[in-house]
Amino acid sequence: MKLLSPQQIHEWDAYTIEHEPIASIDLMERAARRCTDFIIEHNFKHQQILIFCGKGNNGGDGLAIARQLIEAGLSPVVYILEFGAKGTDDFQTNLHKLHQLTTAIHFIQAAEFFPVIDKHKDLVIDALFGSGLNRPLQELSAALVDHINNAGVTVIAIDVPSGMFIDKSSKDNIVIKAKYTLTFQALKLCFIVAENAPCFGEVHVLDIGLINSFLQTIKTYTLVTKQLITTQLIQRNAFAHKGTYGHALLIAGNKGKMGAAILAAKACLRSGAGLVTINTNENYFTAVHAALPEAMCIDRSENIDHSIYKSAGIGPGIGVNDESAIVVAATLTQFTKPMVIDADALNIIAANEGWLNNVPAGSIITPHPKEFERLFGKCADDFERIEKVMALSIQYPFTIVLKGHHTMIASKGEAWFNTTGNPGMAKGGSGDVLTGMLSALLAQGYDPLQSALTGVYLHGLAADIAIKNIAQVSMLATDIIDHISDAILSLQETDDTSLSF
Ligand SMILES: NC(=O)C1=CN([C@@H]2O[C@H](COP(=O)(O)OP(=O)(O)OC[C@H]3O[C@@H](n4cnc5c(N)ncnc54)[C@H](OP(=O)(O)O)[C@@H]3O)[C@@H](O)[C@H]2O)[C@H](O)CC1
Ligand SMILES: [K+]
């Protein structure tokens, strides 16, 4: 599934109108019908539905919803934000139809016409502005959105909360705070970024029958879904032995942080690496062997024969200190195969100018936003960060995994956003698990981008499976590891639950 810009959405609309073919007004009717069905099915216990409409097609949707609700026996009241200009053709057609059914249509020309909103009795449908928003809300429209937000009422936003841009930052702007957003046909970038989360609430993607073949021609961000991942899986060979699936080296752990190394190593083995060796201080070998007998250890002060390892993961729990910096510098220059670089290894690279240029081609770096900032500087907002990641993925020969609720994976100017995972993962150790998983996939011969997409997806999926039986607040990184196998097994099932959002 792809994340389209407003222009691409508009073109998709036009493509469907021409090729289905369907009249634009009928497409609006279909979109409105999906929203009306949602409202009726959810059986909101509110006594009064207030529908706020602009005069574009988003407002047209609102008018069509009002009519369909009346036809279903409800009595919504419609408020139209009046700027003096005529509405779009489909808006006007729907206004005309609505006038035949009700007189409860009010025009708002000034703040004195704002209705009193009772949060206990009213349900608000926000159809003021949709994908046609081209500037921040100001004056009357901003005052109306403030008025709705201040009422603390349940709001259902149609397509997008009014005031929210689809593909650029709306930070510090006035935006509707919706409890539900009913967006048409596909997710949009605005629902992927954390900065918009307080405004979009629960996002439901409603299928309005736009023609999917249009998407084949579109180059844009893609969502990582089950379908994408299952097509990339490498099947195990019946004649395989432990050497077939690679030996992963994990340069991880240090005094007080051996847990990071053990988590990474266990995740690495659970994700299919044939052999795992942890490079750490000799003093901690016993801890590793007690917790994970399947893992081997080599001492950090020894010279490493890099040739025997198919992949390396460096960073979890190594600490930012001179000894670790020496290991990072040596590994960057001597380990010529793809590696996963995480945590303190990233912090060490960030603190040493020019080291980023030594990262071997085909590697994967996995910063969270703070580590990203240390490496590449501050960004004003989430959208600027996404653009920066895109530019960096062209500039550098490595894959960037920017961790977050919808982890972004970028390589060579193309980017994907993950769809699995949950807030239970916001706990120490989750990142170490991911490093182990990615190292395992590289060791098995997945290419770096495939490893990043598959590893990130499975990591989130394992956590999603874990919370079926564990409260999100109680989930541990170990629980993610314990469900990696279930996640892999579930890829063999045919239903595609990953598309739900
Ligand atoms: N495939 C689909 O997704 C479908 C979408 N539908 C719905 O259509 C809207 C998009 O409708 P559109 O008419 O293009 O745009 P809006 O309704 O969002 O906006 C209308 C006009 O409002 C003006 N505008 C923009 N920003 C502001 C602002 N800050 N303040 C005041 N006015 C603003 C602008 O006109 P200007 O001439 O003033 O620049 C907009 O053109 C989509 O979101 C869906 O809800 C279809 O119903 C079905 C298919
Ligand atoms: K809206």
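Every number for a ligand or one of its atoms is a count from 1 in the order of the listing.
At a heavy-atom cutoff of 4.0 Å, ligand 1 is contacted by the side chain of Asp159 but not by its backbone. Heavy atoms of Ala85 found under 4.0 angstrom from ligand 1: none, in either backbone or side chain. Contact annotation for Asp13 and ligand 1: only side-chain heavy atoms (C-beta onward) come within less than 4.0 Å of the ligand. Of the heavy atoms in Thr16, none comes closer than 4.0 Å to ligand 1. Contacts with ligand 1 closer than 4.0 Å are made by no heavy atom of Asp90, backbone or side chain. The proximity of Phe129 to ligand 1, defined as any non-hydrogen pair under 4.0 Å, involves the side chain as well as the backbone. Contacts between Asn58 and ligand 1 below 4.0 angstrom, taking non-hydrogen atoms only, involve backbone and side chain alike.
The pair Glu195-Arg385 does not count as a salt bridge, with every side-chain nitrogen at least 4.0 angstrom from each carboxylate oxygen. Comment: Lys171 does not engage Asp382 in a salt bridge, judged by the lack of any side-chain N to carboxylate O separation of less than 4.0 angstrom.
No more than 12 heavy atoms of other residues, nucleotides or ligands lie within 6.0 Å of NZ in Lys179, so this atom counts as exposed by the packing criterion. Within 6.0 Å of the CD atom in Gln395, the count of heavy atoms belonging to other residues, nucleotides or ligands exceeds 12. Heavy atoms from other residues, nucleotides or ligands lying under 6.0 Å from NZ of Lys177 number 12 at most.
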Show your reasoning for whether side chain to side chain donor-acceptor pair (under 3.5 Å) applies to Thr420 and Asp464.
CA-CA 7 Å; Thr420 56; Asp464 288 344; 4.9 Å; no
Could you walk me through whether Asp167 and Ser5 satisfy the side chain to side chain donor-acceptor pair (under 3.5 Å) test, starting with their C-alpha distance in whole Å, then the side-chain angles of each, then the deciding distance to 0.1 Å, before giving a yes or no?
CA-CA 6 Å; Asp167 61 352; Ser5 68; 4.9 Å; no
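Around the K ion (ligand 2), the two atoms O of Asp126 and OG of Ser162 are separated by an angle of 100°, to 10 degrees. The O atom of Val160, the K ion (ligand 2) and the O atom of Phe129 define an angle of 90° (nearest 10 degrees). Around the K ion (ligand 2), the angle linking Ile158 (O) with Asn58 (OD1) is 80°, rounded to 10 degrees.
Closest protein heavy atom to atom 45 (O) of ligand 1: Asp61 OD2, 2.5 Å. Of the protein's heavy atoms, Asn57 N, 2.9 Å lies nearest to atom 13 (O) of ligand 1. Considering only non-hydrogen protein atoms, atom 18 (O) of ligand 1 sits nearest to Gly130 N, 2.6 Å. Among protein heavy atoms, the minimum distance from atom 14 (O) of ligand 1 is reached at Gly132 CA, 4.0 Å. Protein heavy atom closest to atom 29 (N) of ligand 1, with residue, atom name and distance, is Arg135 O, 2.7 Å.
Taking any N or O of Ile158, backbone or side chain, none lies under 3.5 Å from an N or O belonging to ligand 1. Considering both main-chain and side-chain atoms, Leu210 never comes within under 3.5 Å of ligand 1 through any nitrogen or oxygen pair. Between Ser131 and ligand 1, an N or O atom pair is found at a separation short of 3.5 Å.
Atoms of ligand 1 found under 4.0 Å from any heavy atom of Ile208, numbered from 1 in the order shown, are 1 (N), 2 (C), 49 (C). Residue Ile9 approaches ligand 1 through these ligand atoms, each under 4.0 Å from one of its heavy atoms: 3 (O). The distance from ligand 1 to the heavy atoms of Leu137 drops below 4.0 Å at these ligand atoms: 29 (N). Every atom of ligand 1 is numbered from 1 in the order shown, and the set under 4.0 Å from a heavy atom of Met28 is 47 (O). Listed by number with element, the atoms of ligand 1 under 4.0 Å from a non-hydrogen atom of Gly56 are 13 (O), 17 (O), 20 (C). Using a 4.0 Å cut-off to heavy atoms of Pro136, the atoms of ligand 1 that qualify are 29 (N).
Atom 37 (O) of ligand 1 is not flagged as protein-proximal [any protein heavy atom, distance under 4.0 Å]. Contact annotation for atom 40 (C) of ligand 1: protein present (non-hydrogen atoms, distance under 4.0 Å).
At distances below 3.5 Å, at least one donor-acceptor pair connects side-chain atoms of Thr181 with backbone N or O atoms of Phe200.
Aromatic ring pairs are classed by plane angle as parallel below 30°, tilted from 30° to 60° and perpendicular above 60°; the pair Phe372 and Phe376 is tilted. Below 30°, between 30° and 60°, or above 60°: for Phe38 and Tyr180 the angle between ring planes is above 60°, a perpendicular geometry.
Note: Glu202 CD to Leu182 CG = 10.0 Å, rounded to the nearest 0.5 Å. Of the inter-residue distances, the one linking Tyr396 atom OH with Ser411 atom OG reads 15.0 Å to the nearest 0.5 angstrom.
Side chain to side chain, His10 and Gln7 fail the donor-acceptor criterion of an N or O pair below 3.5 Å.
When the options Phe114, Phe107, Tyr79 are evaluated for a ring-ring contact (aromatic ring centres under 6.0 Å, His included) with Phe52, the one that passes is Tyr79.
For the pair Met408/Ile386, a side-chain contact is recorded, criterion being any heavy-atom separation below 4.5 Å from C-beta on.
Considering each of Asn94, Asn134, Leu27, the one bringing a non-hydrogen atom nearest atom 26 (N) of ligand 1 is Asn134.
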Name every donor-acceptor pair, under 3.5 Å, that has one atom in a side chain of residues 477-485 and the other anywhere in the protein, sequence neighbours excluded.
from	atom 1	to	atom 2	distance (Å)
Asp479	OD2	Leu476	N	2.8
His483	ND1	Asp479	O	2.7

